[in-house]
Number of protein chains: 2
Amino acid sequence: MREKGADLARPTVHDIAKEAGVSLATVDRVLNARPGVRAKTIARVNDAVSRLGYVRDTYAANLARQRQYRFAFLLPESSSQFANALQEALQEAYSSNVADRTELKVIRVPSQDPHAIVRTLKSMNTSRLDGLAMMVPETPQVRDAVSRLKDSGLAVVTLVSDLPNSRRDFFVGVNSIAAGRTAGLLMGRFVRGPGEILVVTDSLQSRDSLERRLGFDAVISREFRSITALPTLESYGDLARLQRIVETAVAARRDLVGVYSMGSGNMTLMSALRGSGRLGELDVLVHELTPAMRCALQDNEVTAVIAQNVGHLVRSALRVLRNVCDHRPIYEAQERVRIEVVLRENLP
Amino acid sequence: MREKGADLARPTVHDIAKEAGVSLATVDRVLNARPGVRAKTIARVNDAVSRLGYVRDTYAANLARQRQYRFAFLLPESSSQFANALQEALQEAYSSNVADRTELKVIRVPSQDPHAIVRTLKSMNTSRLDGLAMMVPETPQVRDAVSRLKDSGLAVVTLVSDLPNSRRDFFVGVNSIAAGRTAGLLMGRFVRGPGEILVVTDSLQSRDSLERRLGFDAVISREFRSITALPTLESYGDLARLQRIVETAVAARRDLVGVYSMGSGNMTLMSALRGSGRLGELDVLVHELTPAMRCALQDNEVTAVIAQNVGHLVRSALRVLRNVCDHRPIYEAQERVRIEVVLRENLP
DNA sequence: CCCATTTTGAGGTACGATCATCTTTTTTGC
DNA sequence: GCAAAAAAGATGATCGTACCTCAAAATGGG
């Protein structure tokens, strides 16, 4: 925003030099924190900077400095539609103007195999890389690997799923407890009358699922006394097992009113529910807006999807990585990823 | 994303010249559509461009060309918290790195006064401006004024509220019908049992309100037969009147189960509802996430807020304005603003 | 084949900043 | 007060692109 009567053009380093009464070289030394300037002079330059409201032209700077950001994204290899959506969003962020002077590399690893993840992390050529964003399950070995990556100077952010107590620089994703609470609130408000809720996930070993369940239960038990959330069914990543346990549960529980899926495998879940013939009487809530879930929403098979915008995720991750690389601060408020509620009528 | 084995650095104009076997000057003439190049040579250069996958470095280009985008935002002056939020988002987009080489000016006009709007539009110095984003109510006079602005070469986008059949270049905002449908679906799913819904707005003269009502009714009447949406109460921007008509309606309608506010004045609406003592039994749905509505959500006074992300709105508007100015295409998919559903548990 | 007209080439300057080198001035310590 | 060290200044190259000028080459018409 421009002040009235202010100069039209924004000030450059030359203006700073003039204003501070020093040479261009000195301004440059101060701005880039190079040694050989007295504290008094540094203050003079900084004064001029704030007086004129100078902000460095980052693009000109990166141009001159031949800055190249080399980032890698570590995503699960599973056929998960969500990871594919992330990769697409990355591609898009890259081809649109956002990702300038940035080289991206996507590495897919089998997410069930912590060993493979660690192997990949260890084998990374850190000298040809400036930053890493990763979406991996939490294990102590991964935490250690992150520590080594930080030692070699990489910027590291966790994506979607965090690694608490690790040395990662930042977490880009949503708060799983809040996501679970949102699901709980929606479920409680949507379902009619007393009844039971089926809760399904891959594995409660995963922190995300655990936290979603925590949030879900907190809201349900405090505010919706008439409905009961059943113990979590775990598929352990086995789709056949998922189909089986869902079919069994639906058959056994006659007063089921809703289904909450905290993990992946939603296509299989839906097919099991369809098979049961009771889909019409159930409110189904799932996470992540995949193409299959879009259709399910449109067909009224799923009531709501709790989603996070993959575009935001990758742009945020890129911004954070760049800022960490340049030792610039991170604007936490801007990087907070929203918990989106997607219904049939507000499908993007 | 980098191809394996591809060159690390992205190609520059020099590479194009070499690849096409022409001089730098010719490449420049082709890239910037300057005359004096044979069709055959143009083709050679374009071939080289696509072969090498050259994309012009926009920032270097703008640097060289000393490009400055001068944009104005015309926002309603009313004490509307929404317009303030927009202005803040604009400020933020400006100070964060997004809005480079862009001068922004915010003009607030009394939105109830179409005359004042037209006067402002007419008095604009179009020679010192490249683009204009405006959030104004639809009138024929405004449409004409837009036409004049387009004649003088400005890029014009409508923000939040569209001017259909005008010569604006683009509309940045949500589809009001879909927003109304979303509200209808939420209301239908939230309220219990048969009953009536109070529908309130500033004025149905405004296209947004009309369309929201349309969408709302479509969903309610088709899918939720047991609930009745009452005729729209209009406040005509008069807060005292709003308070009065809401109080009267709530007192008269004993089987009210919900309130849908399509317009502004939600603080007054809430105070009227609070006064009635029946707030606890009502589901309240409103548009736009203002600070007051945040509190109302947290206090369980409002069930859901249908919102649009003001940050997106302004970033999208800025992107579109820049693209129009440079005669570049607009990626419609990226500019589609989402209809957000905000509940107590997913408050951003 | 020559001359006028296009078309192309070569080269410079600029944008805002970074960085390196070299010189001059100022500040120190003794 | 003088030499050494530190601080500041001066200058020029560079990044990728735009835009300008002038000269050289290719083309086309008669």
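In what follows, every chain begins at residue 1, and chains take the letters A, B, ... in the order their sequences are listed.
Ion pairing between a basic and an acidic side chain is recognised when a charged N comes within 4.0 Å of a carboxylate O; Asp169(B) and Lys150(B) show such pairing. The residues Arg101(A) and Asp57(B) are annotated as salt-bridged, a charged nitrogen and a carboxylate oxygen being separated by less than 4.0 angstrom.
In this structure, Asp326(A) atom CG and dA17(C) atom P are separated by 16 Å, rounded to whole Å.
Pairing each heavy atom of Val320(A) with each of Phe170(A), the nearest pair is CG1-CB, 3.7 Å.
Taking the ring axis of Tyr69(B) as reference, the NZ or CZ atom of Arg67(B) stays within 45° of it and closer than 6.0 Å to the ring centre.
For Arg10(B) (side chain) and Val55(B) (main-chain N/O), a donor-acceptor pair under 3.5 Å exists by modelled atom type. No donor-acceptor pair under 3.5 Å is formed between the side chain of Ser147(B) and the backbone N or O of Arg143(B). Side-chain atoms of Asn62(A) do not come within 3.5 Å of backbone N or O of Tyr59(A) as any donor-acceptor pair. A donor-acceptor pair under 3.5 Å is absent between the side-chain atoms of Arg70(B) and the main chain of Glu103(B), judged by distance alone. Side-chain atoms of Asn32(B) come within 3.5 Å of backbone atoms of Asp28(B) as a donor-acceptor pair (strictly under, hydrogens ignored).
Side-chain nitrogen and oxygen atoms of Ser23(A) include none within less than 4.0 Å of the OP1 or OP2 phosphate oxygen of dA10(D).
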**Message:** Output one letter per nucleotide in nucleotides 22-30 of chain C: B when a protein non-hydrogen atom lies under 4.0 Å from the base, S when only the sugar-phosphate is that close, - when neither is.
**Reply:** -----S---
Table of protein N/O atoms under 3.5 Å from nucleotides 15-18 of chain D N/O atoms:
| residue | atom | partner | partner atom | Å |
| --- | --- | --- | --- | --- |
| dC15(D) | O3' | Gln66(A) | OE1 | 3.0 |
| dC15(D) | O2 | Ala64(A) | N | 3.2 |
| dG16(D) | N2 | Ala60(B) | O | 3.4 |
| dT17(D) | OP1 | Tyr54(B) | OH | 2.8 |
| dT17(D) | OP1 | Asp57(B) | N | 3.1 |
| dT17(D) | OP2 | Val13(B) | N | 2.9 |
| dA18(D) | OP1 | Asn32(B) | OD1 | 3.3 |
| dA18(D) | OP1 | Arg56(B) | NE | 2.6 |
| dA18(D) | OP1 | Arg56(B) | NH2 | 2.8 |
| dA18(D) | OP1 | Arg65(B) | NH2 | 3.2 |
| dA18(D) | OP2 | Asn32(B) | ND2 | 3.3 |

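A donor atom on one side chain and an acceptor atom on the other are not found under 3.5 Å apart for Asn309(B) and Arg315(B).
For the segment residues 15-22 of chain A, the set of residues with a heavy atom within less than 4.0 Å of an atom of DNA chain D comprises Gly21(A), Val22(A), in numerical order.
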